Each structure stands twice: as structure tokens, then as C-alpha cells.
Amino acid sequence: EAKAQGKGRRVTYEPALDQHSAEQARTAADLRVALDTGQLRVYYQPIVRLSDARTVAVEALVRWQHPQRGMIRPDLFIPAAERTGLIVPVGQWVLAEVCRQAARWRDELGADALRYVSVNVSPRQLRESGFAAQVQATLAAAGLHPRHLTVEVTETAVFDGGSGLEELRQLKRLGVNVALDDFGTGHSSLGLLRTCPVDVLKVDKSFIDNITDQGEHSVIAEALIGISDGLRLRAVAEGVETEAQAEVLRRLGYRYAQGYHFGRPMPADQLPAHVRATAAAVS
Ligand code: C2E
Ligand code: MG
Ligand code: MG
Ligand code: MG
């Protein structure tokens, strides 16, 4: 919120801002229809072990298959959904779909083929009272063990107060894993890592982009793997696009990564072949 409405926007921009919110209202109304008529899709992106590029987990990423506009990426509709509250039913749909899919893959690939499926949870969803209980019910309905699910939240979502932190603690007690997404870009403090029950740190792409350059560009990525190791968290480097970046990450001590270099988000039906191929390349 602070980012979107901060310094850059002043009085002179108000008309544009109005237009913007009218547009968001329209998007939200369309999205309601999309949800009710089955236009949403979930894609899955590999999370790999850097030592051998084997896919060990996946992140679920929602898409909107619009009848006229084609495939719409979440950056174009999640903010509107968040503002209007529609993210709550959308997020619940995604969660249920992901849990059912993860249970199918467990049966198809074996329980340990994928350690977990990760799902993004927005601030509004997390703060919705009874969120953890709803996750528990959804897991039970799908017959999925909580350890096969990871929820990805941002620092800001947890830090902004409300019941977010309590919901996370409850999820942890159930056995669900917690990941801090886009780590390092939010406005929290490192102290959050002590109060928040975290398993996974997802190091934001912005800290990975320049790590192959000369000089100081890998300093933050290096500091974050140090913190992560010290606190016994698993670090996942986000947005890895080249083998050169993967090599620097290995040298820094990173064990897990995600990015176009290893695999793009794909429809569920393509994932088993992908997982088997990366496993076969290893053994
Ligand atoms: P995120 O959770 O940080 O997800 C990673 C984003 O980076 C994804 O974009 C992914 O496709 C993209 N990405 C992965 N590897 C690379 C790479 O090597 N290069 C580049 N340039 N990009 C890469 P996507 O799918 O467009 O999602 C954008 C954001 O939308 C997500 O960021 C997440 O914050 C949000 N989102 C996606 N699905 C959901 C959902 O089901 N619920 C909620 N609340 N938010 C979602
Ligand atoms: Mg994420
Ligand atoms: Mg991320
Ligand atoms: Mg990100």
C-alpha cells in the first residue's frame, strides 16, 4: 500500500488514481465471473536442488484464461482482488485446487517426489479470521498431509499487525511449512525472523539479477544465505535465469533455486514428465 500510494503520487495524479480504481472495480467484477465460470488456472513452477537441478518442490501460480484477452498474469488482477476482498474466495479456490493436485501427484509420483507444493497467500487472506482452520479443513478434504503444503507470505503481510502472525503460528502447529516470499523487499526488520515461524526464505529476484557482475552485487545474496543458514532456514533463490547465476549461488552456499533457467511455470499435466526427467538425469 505504502509503495503504491507513496511519494510518487500527488494531488495532480488524483484523476488517474480514480480511473485506476474504477478499472480495478471492473477487473474485480470480471474476476468474480471468471471464478464462477472456471476461467482460473493454476500453473506450477519447479523449485530445484542446485547441486543436480532436480525438481524437489513446486510453486503454484494462478492464471486467468480470459475468453477475449487470453492468458492474464496475476500481477494484472491480484492487486484488484486484494483491494476488493475478492482475493479471499479466489485464494480459497486456488488452495483447494492445489491441495487436490498435490494429493494426485503424491499418488502418481510417490510421496517424496515433491517435498511440497507452495501456494501464495495474500495479506488480506492471511488476516481473515479462521484462515488456518480453513487450510486445515481444505487439507483434510483433499487427504493431503500438512507437511506437503507450504504457504508463501510476504514480510509486510506478517508485519502489518492484525492476526496474521497468529494464523501462521497455528499453521505451523498443524505442520504446514511457512515461506517468506520476496524476502528483503518488504518493510520489516530482521527481527521478524525470530518472532515469525519461518521454514523457507525466498530471496527476491532483485538480489539475484546482478550477482554475476563484478564487485559488490552479490553481497546481499551472500548475507541472506548466511542469515538463513544461521537460523537453520532453507533459502530459495528466486528468478534464476542463467547457469552463470546458478554457479555463483552454488559457490555462495545456496542449495535451492527457482527460475526460468530451470523451468517456467507450466500446467499441472506437464509436471510429472518434467519431474521424472530431472530425476532420471540425476540417477
Ligand atoms: P511470486 O510469488 O514472487 O512468484 C514468482 C514470480 O516470478 C512468478 O510470476 C513467476 O512466473 C516469476 N518468475 C519465476 N522465475 C522467473 C525468472 O527466472 N525470471 C522472471 N522474470 N520471472 C520469473 P507470476 O506467475 O506472474 O506471479 C506474480 C506474482 O503474483 C507472484 O509473485 C505472487 O506474488 C502473485 N501470485 C501468483 N499466484 C498467486 C495466488 O494464487 N495468490 C496470490 N495471493 N498471489 C499470487
Ligand atoms: Mg511466491
Ligand atoms: Mg516470490
Ligand atoms: Mg518475487
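Just follow the structure's listing: the first ligand is 1, and inside any ligand the first atom is 1. Just so you know, these numbers use all the heavy atoms, side chains as well, and skip hydrogens, waters and symmetry mates. Note that this is a predicted model, so its numbers are computed, not measured.
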Item to complete: Answer with yes or no whether the side chains of Q92 and T138 bring together a donor and an acceptor at under 3.5 Å.
Response: yes
Practice prompt. Quick one: the OD1 of N120, the Mg ion (ligand 2), OE1 of E152 angle, rounded to 10°, please.
Written response: 100°
Worksheet item: Could R26 and D30 be called an ion pair, given the rule that one side-chain N must be under 4.0 Å from one carboxylate O?
Response: no
Discussion item. Regarding E166 and R173, does a basic nitrogen lie under 4.0 Å from an acidic carboxylate oxygen?
Written reply: yes
Examine the proximity of ligand 1 to [X] and report which part, side chain or backbone, both or neither, has a heavy atom under 4.0 Å away.
X: Q258; result: neither
X: V42; result: neither
X: D181; result: side chain
X: V62; result: both
X: E82; result: neither

Worksheet entry | Identified side chain to side chain donor-acceptor pair (under 3.5 Å) counterpart of Q45 within the set E59, Q258, R264 | Q258
Non-hydrogen atom of [X] closer than 4.0 Å to ligand 1:
X: G91; answer: no
X: R264; answer: no
X: K205; answer: yes

Fill in: Note, W64 side chain near T27 side chain (heavy atom, < 4.5 Å)
yes
Which atom names give the shortest non-hydrogen contact between [X] and [Y], and what distance separates them?
X: L168; Y: C196; value: CD1-SG, 3.7 Å
X: V58; Y: W105; value: CG2-CZ3, 4.1 Å
X: T156; Y: R127; value: O-NH2, 4.5 Å
X: S206; Y: T185; value: OG-CG2, 4.0 Å
X: Q125; Y: V88; value: CG-CA, 4.3 Å
X: N120; Y: A60; value: ND2-O, 3.3 Å

Discussion item. Restricting to N, O or S atoms, which atom of E238 is closest to the Mg ion (ligand 3)?
Written reply: OE2
Worksheet item: Can you tell me the N, O or S atom of D182 that's nearest the Mg ion (ligand 3)?
Response: OD1
Quick one: which ligand 1 atoms are inside 4.0 Å of a heavy atom on [X]?
X: V94; value: 41 (O)
X: E241; value: 17 (C), 18 (O), 19 (N), 20 (C), 21 (N)
X: P265; value: 11 (O)
X: E238; value: 3 (O)

Discussion item. Quick check on side-chain contact (heavy atoms from CB on, under 4.5 Å): which of L193, V200, V236, L192 does F183 satisfy it with?
Written reply: L193
Discussion item. If you consider just the N/O/S atoms, which atom of D181 is the closest one to the Mg ion (ligand 2)?
Written reply: OD2
Worksheet item: In E59, which N, O or S atom comes closest to the Mg ion (ligand 2)?
Response: OE2
Worksheet item: Which is closest to atom 46 (C) of ligand 1 by heavy-atom distance: T185, T154, V121, N120?
Response: N120
Worksheet item: Looking only at N/O atoms, are H261 and ligand 1 under 3.5 Å apart anywhere?
Response: no
Worksheet item: Any N or O on R73 sitting closer than 3.5 Å to an N or O of ligand 1?
Response: yes
